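None of the values given here were measured: they were computed from a predicted structure. Heavy atoms only: backbone and side chains are in, while hydrogens, waters and symmetry mates are out.
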Amino acid sequence: MHTRSDTVWIEAHAKSLGFDLCGVVRAEQFPELAQTELWLARGYAGEMKYLADPRRRELAAAMPGLCSVIVCALNYNTDFPGSTEVPGTRGAEDPRGWISRYAWGADYHHVLPGKLAALGEALRGRFNEPFEARIYTDTGPVQERILAKYAGLGWLGKNTLLLNRRLGSWIFLGAILTTLDLAATLEEAALPPPDLCGSCRRCIDACPTGAFVAPYVMDARRCISYLTIELRGSIPHEFREPMGRHVFGCDICQDVCPWNRRAAATTEGEFRPRTFLSREFADLEDSAERNAHPGSDLSRPVPLAPEESLFFPRLEWLLSLDDVEFRTVFRHSAIQRAKWRGLVRNACIALGNSNLSVRTPGYDRILASLSRRSASEDAVIAESALWALSRIQRAGEQSLP
């Protein structure tokens with residue numbers, strides 16, 4: 001086994017590359033891995049068949065000769081308000097949807113591998129012996145949060161996420177599996193960080209769909225993140241209204257967590273909300289440039305804002321995107337995971353929950369957009385748009401004197 005000084009060097013070098021936390025754990029069969037089989041048997045994974053990969057519950061099977069795992073964490077928290085702090089827009093002219101904080105900026109699948117690869121190259125310079133190393137960032141048959149716990153990075157909270165005293169749960173996790181025989185961060189007989197959730201149940205009680213069937217146990221089929229990202233078909237009717245304004249993921253169980261309220265914000269700009277010049281505003285600028293001359297009529301209404309943002313985005317904008325625009329706008333974005341159909345479906349459901357007032361100028365325009373989607377060749381989008389139309393029209397009739 002290599003010395004503890006080697007482990008200290010690895011942790012220090014990881015932080016020099018921009019990681020906020022790093023720990024090393026021996027490749028052992030941790031108790032939480034054995035619980036995976038029962039969780040799967042209860043159907044809690046839903047359509048996520050990849051979670052049944054046997055390597056996810058047998059760490060030694062993930063890589064031949066595996067000895068150690070280096071676990072790194074990167075803070076993605078920003079100083080923007082959370083979903084439970086942003087006031088509702090029910091009845092507003094431009095109803096907005098919620099995108100999970102982790103997807104506002106650059107896709108972590110693109111950010112973390114580069115940093116992990118740099119750490120892997122540094123290992124080659126530190127250790128002369130031949131060894132194998134594999135990088136995983138939520139992309140392989142490993143459960144990073146469990147490994148992170150035993151690497152000393154935090155504890156597994158009642159919302160099933162890794163919690164760290166300083167960073168809360170706003171962290172991306174990545175791992176390097178290696179045949180190097182490294183000393184663990186936690187010395188022999190040392191326990192992982194204690195569970196500091198105590199008697200708190202805020203995450204459990206705040207979940208609008210009841211996804212936590214017990215503390216530390218989630219039925220993913222009921223989770224808004226699963227419904228808006230992983231589920232490919234129609235949203236079950238029982239979850240549509242509880243979904244509220246969510247269009248990609250959900251932060252509620254994290255936003256209400258006391259540990260996240262005191263979490264440090266990242267200084268990395270790549271995780272701040274991405275912004276885009278709206279299509280209508282861009283067209284107007286092009287028109288002005290082409291036709292700029294005395295008497296030009298550039299006063300036509302622009303229904304979308306000059307700049308669209310992934311922080312609390314306008315639902316009408318998301319609804320209007322076609323497949324090509326979706327792939328362009330969300331290039332290198334985690335939102336691609338939901339696919340175009342999923343995002344448009346989710347925007348329809350969120351609009352159906354918006355309680356849009358018939359008195360607002362945007363009412364007819366939004367209904368017209370939903371009507372066009374209701375005629376879509378995609379059955380999931382068409383049905384979701386029809387559901388939204390019926391909800392908005394019924395709410396509009398009830399608002400009339």
Using only heavy-atom distances, determine whether the side chains of Asp107 and Ser333 contain a donor-acceptor pair under 3.5 Å.
-> no
Would you check if there is a donor-acceptor pair between the side chains of Thr179 and Glu132 at a distance under 3.5 Å?
-> no
Do Ile229 and Lys339 have side chains that get closer than 4.5 Å, going by heavy atoms?
-> no
Using only heavy-atom distances, determine whether the side chains of Ser369 and Arg372 contain a donor-acceptor pair under 3.5 Å.
-> yes
For Thr78, which of Arg272, Arg101, Glu268 qualifies under side chain to side chain donor-acceptor pair (under 3.5 Å)?
-> Arg101
With no hydrogens and no angle check, is any side-chain donor or acceptor of Glu308 less than 3.5 Å from a backbone partner on Thr275?
-> no
Strictly under 6.0 Å, is that where the ring centroids of Phe172 and Phe271 end up?
-> yes
Side-chain donor-acceptor contact under 3.5 Å, Asn159 with Tyr216 = no
Checking Arg42 against Trp39: charged group under 6.0 Å from the ring centre and within 45 degrees of the axis?
-> no
How are the rings of Phe330 and Trp317 set relative to one another: parallel (under 30°), tilted (30 to 60°) or perpendicular (over 60°)?
-> tilted
Glu241/Arg391 ion pair, N-O < 4.0 Å = yes
List, one per line, each side-chain donor-acceptor pair under 3.5 Å for residues 124-131, sequence neighbours excluded.
unit_1: Arg124; atom_1: NH1; unit_2: Phe131; atom_2: O; d: 2.8
unit_1: Arg124; atom_1: NH2; unit_2: Phe131; atom_2: O; d: 3.4
unit_1: Arg126; atom_1: NE; unit_2: Asp6; atom_2: OD1; d: 3.1
unit_1: Arg126; atom_1: NH2; unit_2: Asp6; atom_2: OD1; d: 2.9
unit_1: Glu129; atom_1: OE1; unit_2: His2; atom_2: NE2; d: 2.6

Name all residues meeting the ring pair (Phe, Tyr, Trp, His ring centres under 6.0 Å) criterion together with Phe311; count only those two or more places apart in sequence or in a different chain, and write none if there are none.
-> Phe80, Trp98, Trp104
